[in-house]
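Structure first, then comments.
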2 protein chains.
Amino acid sequence: MSISSTYYPSEPTKPSVVTATVPGPRGHEALKQLSNTFDTRPAYFVADYDKSCGNYIVDVDGNTFLDLYAQIASIALGYNNPKLIQTLTTNEMKNALVNRAAIGNFPSKELNAVLTKLLKVAPKGQTHVWNGLSGADANELAFKAAFMYYMQKKRGGRDVPFTEEELTSVMENKTPGSPKLAVLSFKKAFHGRLFGSGSCTCSKPVHKLDFPTFDWPHAEYPYYQYPLEKYEEANRKEDDRCLKIVQDLITSWHIPVAALLIEPIQSEGGDNHASKYFLQKLRDITLKHDVVYIIDEVQTGVGATGKMWCHEYADIQPPVDLVTFSKKFQSAGYFFHNLDFIPNQPYRQFNTWCGDPARMIIAGAIGQEILDHDLLSLVNKTGDYLFSKLEDLQAKYPQYFDRLRGKGRGTFIAWDLPTSDLRNSLLQKLRLNGCNVGGCAERSVRLRPTLTFEPKHADIFVELLEKSVQEL
Amino acid sequence: MSISSTYYPSEPTKPSVVTATVPGPRGHEALKQLSNTFDTRPAYFVADYDKSCGNYIVDVDGNTFLDLYAQIASIALGYNNPKLIQTLTTNEMKNALVNRAAIGNFPSKELNAVLTKLLKVAPKGQTHVWNGLSGADANELAFKAAFMYYMQKKRGGRDVPFTEEELTSVMENKTPGSPKLAVLSFKKAFHGRLFGSGSCTCSKPVHKLDFPTFDWPHAEYPYYQYPLEKYEEANRKEDDRCLKIVQDLITSWHIPVAALLIEPIQSEGGDNHASKYFLQKLRDITLKHDVVYIIDEVQTGVGATGKMWCHEYADIQPPVDLVTFSKKFQSAGYFFHNLDFIPNQPYRQFNTWCGDPARMIIAGAIGQEILDHDLLSLVNKTGDYLFSKLEDLQAKYPQYFDRLRGKGRGTFIAWDLPTSDLRNSLLQKLRLNGCNVGGCAERSVRLRPTLTFEPKHADIFVELLEKSVQEL
């Protein structure tokens, strides 16, 4: 029995668009109402989540879309998953939602079980977790762990006390208590939009225009030629070019680089992949220069690439220091394995809620479903199938399928159109033909279906994609 | 019928501590287990939220505490409130939790109703809301709104396009695209622990040691003598002294001050109150110097002071620009009234989830309960009663009740002990006597009960407080 029929016996069998435009008349009316309380300019349509099911999202006009965007890569199992709905009836969810605890001070008797479940699917080598509330928050909490760790090493150990000068200067935002330290990230990266994470983000100006930022450096992320097997030598040279830039920035930047932050595949920035070689060499460099190595798995994590965590493909040794997550876990935080990343004093990594147990419960349930139904195998199977179909389309319409990428990376697939306009036009035609798909960077299409996306869904998508391409 | 019997017919009638220590043996065992996955050093005890009810929190040892800390001021209505539990059975909550939407792109058909409900209890003059995930997040989202607004004014209007230099420089974290701008906050303030909010926080070194910060200024927050009616002249002088510092910093700081951020009562920093005069004068100064005025109501908001929003006591005219909230709303975000705080382009104030609809639903339900049961009247009644009882204790034990404050501010009451050790000792004795109470700053006790705390609870607390004081 297929996974979608197990979970979603009444999942639609195909998309259906019944209005001439998306949104249609009811959607327009709903957006007009909503604009009284909300910024509706970025809205694609108004969804009816009661009617949405599995891999299909339904809007208030009664249109049914096959969803390959899945709430900006946030839906792991599909809409109205029965196992997730079951969590709502548990006492632990009732407590988490209604009796929202300050879990650092007043942890619940359930908390250990919730975290243990979540840790069952932690990246290899990572044994602990600290919870946050969004991808940006997860990254910033990881920065804090990195900064404390870096300064502790510099200070000479966990037990070395703060100096009087540190204790007073920090209250004025001055060194040495508030040291000048940097996080190195990469051009085209997206790590969030708060002030620390935003200083690491540089995929589009709109994310950060008019905001002050820290003077932190951006190295270059390798830009490969495809197919990879044809361009091995050129791509290795590209890796080495970028590694040299990383090395140079770490040794020459005017602020000490305490941490390096990287997405194993830059997602918002255009689905740029980093090779196993590149990610391992970064481990070597970070070890050499005492830089904390942070992998941002906010978009790549939780199964979409065919492994639970994308960077597991690189089998980095020794394991990276911190791994951040959010999106498909519908929760957020970072994993770590070195207990020195627990600060030497309590209340240094702390806040009122220390995460949201309601969301942690959902994350644990998602992880359990992935294990119970071996969804990673399904993602790999569907991904391989879908990729080969896209290669066929690429052969047929090479001008519309440039740099097809994501082979062997589950359903985490992307390609480029010649221009931004053509890409946007393709996404619009896809939507009118019943497929909800997202873009990234200037001219890329990114596929981000759920983990229950099957070959039968891929068939429907490929057919409507070809139809849409022909309409370009 | 009393509100607690309406909501909580089986609420305990008094506290009960059955173990010699808190935590007791079961609590110690639970903490030992939990320490495998979590930093348990800040834990007071392990709670059993199933057994907790109304104003009483129960731990795994079977101890029952009257709770005047309420999850660091986060529980509005009491534990296991039946009206909040009802929200779990609704379709809108099921959708919010299980089908977590990227509501900016794919808003639900329910969203407008959820936000409209939340806005029913917005501060006077504030008509719109933007949602975040925590108090720190709420403040940083408000900073972003302020920075965009400030630069838009400087640029000459909403329609003035970004320059090519802005668009390129921002990608390197350089001016002019990423301008040097500051938020002015106050000494002893607490606004969160992320990198922007953390730059505004300066109540304790432990919150921010080893983290880089922005070079933003801290003015002085007035420090009054009590009782207020006796020291009117001295306190007015204190206001004027601090106002001059604010004015001087705004005109002389080496980075332009785009926004001013203040708590109407500094909570973590010691329950320092600001007068109506002070808060109004800040409005005058911010208007004169084109500085955005942000009120942080994260701890003071949602009823505990006897008004829905504490700064409403000051009746600031014209209304402040942005008001941030979190904690007792169990959700987070900022209110605003000027549509120019909606950025000139979409996607400038944006992120994947744009808040958590599950938490917004809870916030709306809390607001509705406050209105339906006129809980503000109850807070004022209980607060006045409790304050007069504390005045009696102050007269009896003046050495342990210094600077009793919060008269006429509902149950938002605090006082000072002579030393940090004595304060800590009092809190410990209170816990062993069955009252869960928190401290703030170095030597203050802060009371933060729920909005369903009644005179009968105040009687129990005062009795056990006197007992604890006698044990000092």
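The structure displayed is predicted, hence computed values, not measured ones. Chain letters run A, B, ... following the sequence lines, proteins first, then strands; residues in each count from 1.
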Determine the option with the most heavy-atom pairs under 4.5 angstrom with chain B, choosing from M93(A), K94(A), R359(A), Q152(A). R359(A)
Only counting residues at least two apart or in another chain, list the ones meeting side chain to side chain contact (heavy atoms under 4.5 Å, CB included) with K51(A). D48(A), V58(A)
According to ring pair (Phe, Tyr, Trp, His ring centres under 6.0 Å), who are the partners of F45(A), at least two apart in sequence or on a separate chain? F65(A), F106(B)
Would you tabulate the side-chain donor-acceptor contacts of residues 111-119 of chain A under 3.5 Å, counting partners in other chains and residues two or more places apart, or write 'none'?
from, atom 1, to, atom 2, distance (Å)
N112(A), OD1, T37(B), OG1, 2.8
T116(A), OG1, N112(A), O, 2.6

Applying ring pair (Phe, Tyr, Trp, His ring centres under 6.0 Å) to F211(B) and F143(A), what does each step give before you reach the verdict? CA-CA 9 Å; F211(B) 306 150; F143(A) 298 171; over 10 Å; no
Taking K109(A) first and then D59(B), would you say they form a salt bridge - that is, a charged N and a carboxylate O separated by under 4.0 Å? no
Test side chain to side chain donor-acceptor pair (under 3.5 Å) applied to T352(B) and K327(A), E268(A), Q299(A), the passing residue: K327(A)
Would you mind checking which part of W130(A) comes under 4.5 Å of any heavy atom in chain B, side chain (CB onward), backbone (N, CA, C, O), both or neither? side chain
Contact listing (chain A partner; residues 85-92 of chain B; heavy atom under 4.5 Å): I85(B), L88(B), N91(B)
Any side-chain heavy-atom pair from I342(A) and R41(B) closer than 4.5 angstrom? yes
Do R155(B) and D210(A) sit within salt-bridge range, that is, some charged N less than 4.0 Å from a carboxylate O? yes
Looking at I75(A), N81(A), L97(A), T168(A), which has the largest count of heavy-atom pairs under 4.5 Å with chain B? L97(A)
